[in-house]
Number of protein chains: 2
Amino acid sequence: MNQEPLQKPTASELEILRVLWARGPSTVREVYQELRERKSLGYTTVLKLLQIMTAKGSVRRNEEQRAHVYQACQPATETKRQLARDVLQRVFEGSASELMLHALEGRRTSQKELHELRRLLDEYEGRSR
Amino acid sequence: MNQEPLQKPTASELEILRVLWARGPSTVREVYQELRERKSLGYTTVLKLLQIMTAKGSVRRNEEQRAHVYQACQPATETKRQLARDVLQRVFEGSASELMLHALEGRRTSQKELHELRRLLDEYEGRSR
DNA sequence: TTGACAATACGAAAGTCTTCGTAATAGTCT
DNA sequence: AGACTATTACGAAGACTTTCGTATTGTCAA
């Protein structure tokens, strides 16, 4: 089964995807060890998750080796865009400034971050002319 | 039961909260009629959801009238902040510019929106000096 | 008072998510 | 070959979500 408009990953699936994005193609054990540094969970839990994700089509695996090697089907950027859009629509009715407002609210934001944000806006401003 | 650090609302709960924020205190029927304009669902479904939300503490109700009147416990702004932060952390590791980048990516953004975003940044820049 | 109607309460089914235990399998070493 | 180990496969429990049907309760009018 291979649907194009991939459904949004669950919380656990996202954690796994993040490991795969960071490490590139990885075995279950590699993902497991990475995740275990942050939270406690069993090896077979990770395995099962990866099997489910394979079935859903969010990852694919290479079975040439004894230990299968998994990788994300979508690049990080694509999935992140999807998740950002989802929140943008579901919570903020599409208003990017509302999203930004609430994301930044009551939070120290570094000069560096603010500069980067400004740079982004410049880029968009330029493009829309 | 009344926990302070309210857990994040589910998709359905958010839809109901949005109606309550927009309308102010409302009866089940009022929420039902509002929601039904966008999606098909039964009256008792909305009722049940509101009952569950009452138990969770995300809404409270006034039972003086025959038809109970529900209202959100948290103001919209608070919950929205929570959801924005959640995505910011879970998906973008806290980087606001990453969030913004993906939210805006490949999307027409009006001049008005861009101006508003810029205004927000000015405000933050001012505050952090 | 009783019938009709509107509202709430309750329970349960179906689906998804997360987690793990156990079984089966495949490779390795002696 | 046989024992040991690492890996995958499978199934299932428990929690949570969403949805709705049915029962109960309250209100009003005739």
Side-chain angles (χ1 to χ4, degrees), chain A residues 1 3 6-20 25-71 79 83 86 90-91, chain B residues 1 3 5-20 23 25-71 79 83 86 90-91:
Chain A
M1 218 153 296
Q3 70 291 344
L6 258 339
Q7 70 202 2
K8 126 179 120 148
T10 67
S12 300
E13 288 172 355
L14 180 62
E15 292 192 88
I16 286 185
L17 286 175
R18 283 180 51 175
V19 174
L20 293 179
S26 311
T27 64
V28 175
R29 184 151 302 276
E30 288 166 339
V31 174
Y32 166 63
Q33 275 162 353
E34 187 89 15
L35 285 179
R36 195 161 65 153
E37 285 172 17
R38 276 182 290 107
K39 61 181 298 196
S40 137
L41 81 181
Y43 175 89
T44 56
T45 301
V46 178
L47 170 63
K48 182 64 163 184
L49 246 350
L50 280 165
Q51 286 170 342
I52 289 171
M53 292 168 79
T54 303
K56 286 185 181 177
S58 60
V59 303
R60 63 168 160 271
R61 66 181 178 188
N62 181 328
E63 309 187 359
E64 281 169 26
Q65 302 302 316
R66 162 96 161 95
H68 301 170
V69 176
Y70 292 81
Q71 64 183 304
T79 303
L83 292 170
D86 176 70
R90 261 188 31 247
V91 185
Chain B
M1 219 151 296
Q3 71 292 342
L6 258 340
Q7 68 201 3
K8 128 179 118 149
T10 67
S12 299
E13 288 172 356
L14 181 61
E15 292 193 87
I16 286 186
L17 286 175
R18 283 179 52 175
V19 173
L20 292 179
R23 290 189 40 89
S26 310
T27 63
V28 176
R29 184 150 303 277
E30 288 165 339
V31 174
Y32 166 64
Q33 275 162 354
E34 188 88 15
L35 284 180
R36 195 162 64 152
E37 286 171 15
R38 275 182 290 109
K39 61 181 298 195
S40 138
L41 80 183
Y43 174 88
T44 55
T45 301
V46 178
L47 170 63
K48 183 65 163 183
L49 245 352
L50 280 165
Q51 286 170 341
I52 289 171
M53 290 168 81
T54 302
K56 286 186 182 176
S58 60
V59 303
R60 63 166 158 273
R61 66 182 179 187
N62 182 327
E63 309 187 358
E64 280 169 27
Q65 303 301 316
R66 164 97 161 95
H68 301 170
V69 175
Y70 291 81
Q71 64 183 303
T79 303
L83 292 170
D86 176 71
R90 261 189 29 249
V91 185

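Proteins come first, then strands; the chains are lettered A, B, ... in the order of their sequence lines, and each starts at number 1. Atom set for the values below is all heavy atoms of this structure, side chains included, hydrogens, waters and symmetry mates excluded.
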Item to check | Minimum side-chain heavy-atom gap M53(A)-L17(A) below 4.5 Å | outcome: yes
Margin query: Is any side-chain heavy atom of L14(B) closer than 4.5 Å to one of L83(B)?
Written below: yes
Residues of residues 11-19 of chain A with a heavy atom under 4.0 Å from any atom of DNA chain C, listed by number, are A11(A), S12(A)
Of G42(A) and H68(B), the one whose closest nucleotide on DNA chain C sits nearer the 5' end is H68(B)
Students should find that the nucleotides of DNA chain D closing off the region near chain A, any atom under 4.0 angstrom from a heavy atom, are dA6(D) to dA12(D)
To the nearest angstrom, the CD-C1' distance between E63(A) and dT25(C) comes to 14 Å
Atom CG of L35(A) and atom P of dC20(C) are separated, to the nearest Å, by 12 Å
Residue pairs passing the salt bridge (charged side-chain N to carboxylate O under 4.0 Å, His left out) test with at least one member in residues 26-36 of chain B, sequence neighbours excluded, are R23(B)-E30(B)
Rounded to whole Å, NZ of K48(B) lies from P of dT8(C) at a distance of 13 Å
*Does Q51(B) make a side-chain N or O approach to OP1 or OP2 of dT8(C) shorter than 4.0 Å?*
no
Just to confirm, is there a sub-4.0 Å distance from OP1 or OP2 of dT19(C) to any side-chain nitrogen or oxygen of K39(A)?
yes
The side-chain contact (heavy atoms from CB on, under 4.5 Å) partner of K48(B) among I52(B), T44(B), L50(B) is I52(B)
Show, in sequence, the C-alpha distance, side-chain angles and deciding distance for Q51(B) and R61(B), and conclude whether the side-chain contact (heavy atoms from CB on, under 4.5 Å) test is met.
CA-CA 9 Å; Q51(B) 286 170 341; R61(B) 66 182 179 187; 4.2 Å; yes
Of all heavy-atom pairs linking Y32(A) and Y43(A), the shortest is CE1-N, 3.5 Å
So do V91(A) and T79(B) actually touch side chain to side chain, heavy atoms under 4.5 Å? no
Phosphate OP1/OP2 of dT8(C): any Y43(B) side-chain N/O under 4.0 Å:
yes
message = Any side-chain N or O of R29(B) below 4.0 angstrom from OP1/OP2 of dA7(C)?
response = yes
Worksheet item: Does T27(B) place a side-chain N or O at less than 4.0 Å from the phosphate oxygens OP1/OP2 of dA7(C)?
Response: no
Closest to the 5' end of DNA chain D, once R61(A) and T45(B) are matched to their nearest nucleotides, is R61(A)
Assign I52(B) to base, sugar-phosphate, or nothing according to its heavy-atom contacts below 4.0 angstrom with the strands shown. base
For Y70(B) and V59(B) the tightest heavy-atom approach is CD2-CG2, 3.9 Å
Taken to the nearest whole Å, CG/L41(A) to P/dC20(C) is 6 Å
Looking only at dT25(C), dT18(C), dG11(C), the nucleotide nearest the R66(A) side chain is dT25(C)
#### Entry: Neighbour count >12 (heavy atoms, 6.0 Å) for atom CD, E63(B)
yes
Need one value for T10(A): base, sugar-phosphate or nothing, where a base atom within 4.0 Å counts as base even if backbone is also close, heavy atoms only.
sugar-phosphate
